[in-house]
Amino acid sequence: MTVVTRFAPSPTGYLHIGGARTALFSYLHAKRHGGRFLLRIEDTDRERSTEAAVQAIFDGLTWLGLTADGPPVFQTHRFDRYREVIKRMLAEGSAYRCYCSRQELEAMRAEQMARKQKPRYDGRWRPEPDKSLPAPPAGVPPVIRFKNPLSGKVVFEDLIKGRVEFDNAELDDLIIARADGTPTYNFCVVVDDMDMGITHVIRGDDHVNNTPRQINILKALGATPPAYAHVPMILGADGVKLSKRHGAVSVIEYRALGFLPEALLNYLVRLGWSYGDEEIFTRERMIELFDISQVHKSPARFDMDKAIWVNHQYLKSAEPATIAPEFEWHLRRIDLDPRNGSPLTAVIQAQRERCKTLVEMAEKSRFLYAESVVYDGKDVAKHLDAAGREVLADLGPRLSKLTRWEVAALHDLVHGYAAQKGLSLGKVAQPLRVAVAGAAVSPPIDQTLALLGRERTLARIERALSSLHQRA
RNA sequence: GCUCCCAUCGUCUAGAGGCCCAGGACGUCGCCCUCUCACGGCGAAAACCGGGGUUCGAAUCCCCGUGGGAGCGCCA
């Protein structure tokens, strides 16, 4: 049987990083077994679902490259089907109408809580062979409840958690359709998973308690329950559920933070899963090695430092051309024109080892794309003193006479000058660096000059000298 | 309150009874390399939640405790 998994978010906000990991696990499990990964939008709650949220989820998944093998399924497009199934269940007796008012239910819950019991529906409208039901109150639209088995156990082998058991006595008759006729979550999930031919439900830990109910409905419908895998959630650095106050929670925020999608995915896959001592996994390798049953049972904390380290690994080793589009996105984000400077791949090549994020790379490359440099006062004071100015004055003419503006030639020129003057390289490179880049940090000086180009280099040396004269 | 789940360095993890006085990675701290920042190299500190069992032998199996988490809606 072909493996079919799905990611089923409800569009009430952005794509959460925890959701992204769940999606990744579903995706990997499907691919690992040559199966299909599907997407379903659980938008039955019209109050909270928004068009923008749907788009945000699509955008997040697209950026991560977790593409579904088929068009997304929208639950709101399937109401006819749900109605049909409910009609059938009513006819077969696996569901019934309940006329309790909300107030009545609330009172029931309050009373149970007071008696220190688990709040649950007491089955007052549940039809039984020898039971006589009250006459339905007039004018009250009923909800539909599922007739859950009263005794016995629901047992399932969770691929991550192992054997999980629930007593049916712990479960109550959940509402599958509201008074207005719209179906509810647990019911829709069951019908959809069945209709979509889902073989493996991989979802967040917070759904374990829903699983026995869903299995019971599935059985009442005569369907075979899929396999389940409940993945633990991601915690913030403080061990508490990850939320906005921990910083970035939405996938798109990680893009803004300067992450590469592959790097984020890599970090995420290692959260709760590992393969020996390996840390870096290409997508192909993840697909080859990922085993859902090896995922940890316990929740993991999100460690930004490690995530950034992984990102740096990708920045350092990925093909510059694959990084270029993201780098361009970041340059534009800080109002720099990617065409107004050296080719992106050359800059990436020069900057990658000193930048852990693309934000940093864009920022550190500002002097290569902006018309004017912003000088760091401290660095200017430190390196463009009298001696530094002398170096610049000497180097200007020599540089302007250089015939080949290439790394090797620039290297020889700078080194040759230092040797000739008996200066350490630092005494030459630093003033030059500050003059052209505005600060004491940049790629090796020969590369820096090569990337900047002759014209800008000479102009900036000029400007550094003249503005210093003004100050002096 | 009730139900379910979890527990190895600060963090992510290796470990499926002897290979473990517990290995790797991030982070931290030294040292080396060096034109800056980095990269890199070398090294250090750092953990089996507690208590009982089982066993010749337990981080690994069992029980209890403690601590964490999730769920208990006409939300999803």
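Every value quoted in this text rests on a predicted model; they were computed, and no experiment measured them. First the proteins, then the strands, lettered A, B, ... as listed; each starts at 1.
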Next on the checklist: Give me the distance, rounded to whole Å, that separates B:rG50 from B:rU8 when you measure between the C1' atoms they each carry.
Outcome noted: 15 Å
Spacing between [X] atom [atom1] and [N] atom [atom2], to the nearest angstrom:
X	N	atom1	atom2	answer
A:Y96	B:rC74	OH	C1'	14 Å
A:E360	B:rC37	CD	C1'	10 Å
A:D446	B:rU36	CG	P	13 Å
A:Q112	B:rG71	CD	C1'	16 Å
A:Q117	B:rG71	CD	P	22 Å
A:E279	B:rG23	CD	P	16 Å
A:H296	B:rU11	NE2	C1'	13 Å
A:H411	B:rU36	NE2	C1'	16 Å

Which listed nucleotide ([options]) is nearest to the side chain of [X]?
X	options	answer
A:E42	B:rA76, B:rC5, B:rC26	B:rA76
A:V441	B:rC37, B:rC12, B:rA76	B:rC37
A:W309	B:rG27, B:rC37, B:rA7	B:rG27
A:E170	B:rC2, B:rC12, B:rC74	B:rC2
A:R354	B:rC26, B:rA38, B:rC35	B:rA38
A:R270	B:rC6, B:rC37, B:rC12	B:rC12
A:M233	B:rA76, B:rC4, B:rG69	B:rG69
A:K356	B:rG23, B:rC74, B:rC39	B:rC39
A:K364	B:rC37, B:rA70, B:rG24	B:rC37
A:M113	B:rG40, B:rC5, B:rG1	B:rG1

Next on the checklist: Ring centres under 6.0 Å, that's the criterion: do A:Y267 and A:F302 meet it?
Outcome noted: yes
Next on the checklist: If you take the centroid of each ring, where Trp contributes its six-membered ring, are A:F25 and A:H200 closer together than 6.0 Å?
Outcome noted: no
Is the shortest side-chain N/O distance from [X] to OP1 or OP2 of [N] below 4.0 Å?
X	N	answer
A:S274	B:rA14	yes
A:R109	B:rG73	yes
A:K297	B:rC6	yes
A:T44	B:rA76	yes

Next on the checklist: Check this for me: does the side-chain of A:R301 come within 3.5 Å of the base of B:rC12 through a donor and an acceptor?
Outcome noted: no
Checklist entry - To the nearest 0.5 Å, how far apart are OG in A:S317 and CD1 in A:I280? => result 7.0 Å
Item to check | A:R40: salt bridge (Lys or Arg N to Asp or Glu O under 4.0 Å) partners, not counting sequence neighbours | outcome: A:E42, A:D192, A:D193
Next on the checklist: If only side-chain N and O atoms count, and only distance matters, is there a donor-acceptor pair under 3.5 Å linking A:T76 with A:D43?
Outcome noted: yes
Checklist entry - What's the base orientation of B:rC39: syn (chi within 90° of 0) or anti? => result syn
Next on the checklist: List the residues meeting side-chain hydrogen bond (donor to acceptor under 3.5 Å, both in side chains) with A:E84, not counting sequence neighbours, and say none if there are none.
Outcome noted: A:R81
Next on the checklist: Let me spell it out: for each of A:C355 and A:A179, pick the nucleotide of RNA chain B with the closest heavy atom. Which residue's pick is nearer the 5' end?
Outcome noted: A:C355
Next on the checklist: Assuming nearest nucleotide by heavy-atom distance, tell me which of A:D172 and A:H312 is located more 5' along RNA chain B.
Outcome noted: A:H312
Next on the checklist: Counting only Watson-Crick pairs (N1-N3 plus N6-O4 or O6-N4) and G-U wobbles (N1-O2, O6-N3), all under 3.5 Å, who is the partner of B:rU28?
Outcome noted: B:rA44
Next on the checklist: My understanding is that a pair needs two contacts under 3.5 Å, Watson-Crick or G-U wobble. By that rule, which nucleotide pairs with B:rU66?
Outcome noted: B:rA7
Checklist outcome for this item: Per side-chain contact (heavy atoms from CB on, under 4.5 Å), A:F7 is matched among A:I202, A:I41, A:L24, A:L15 by A:L15
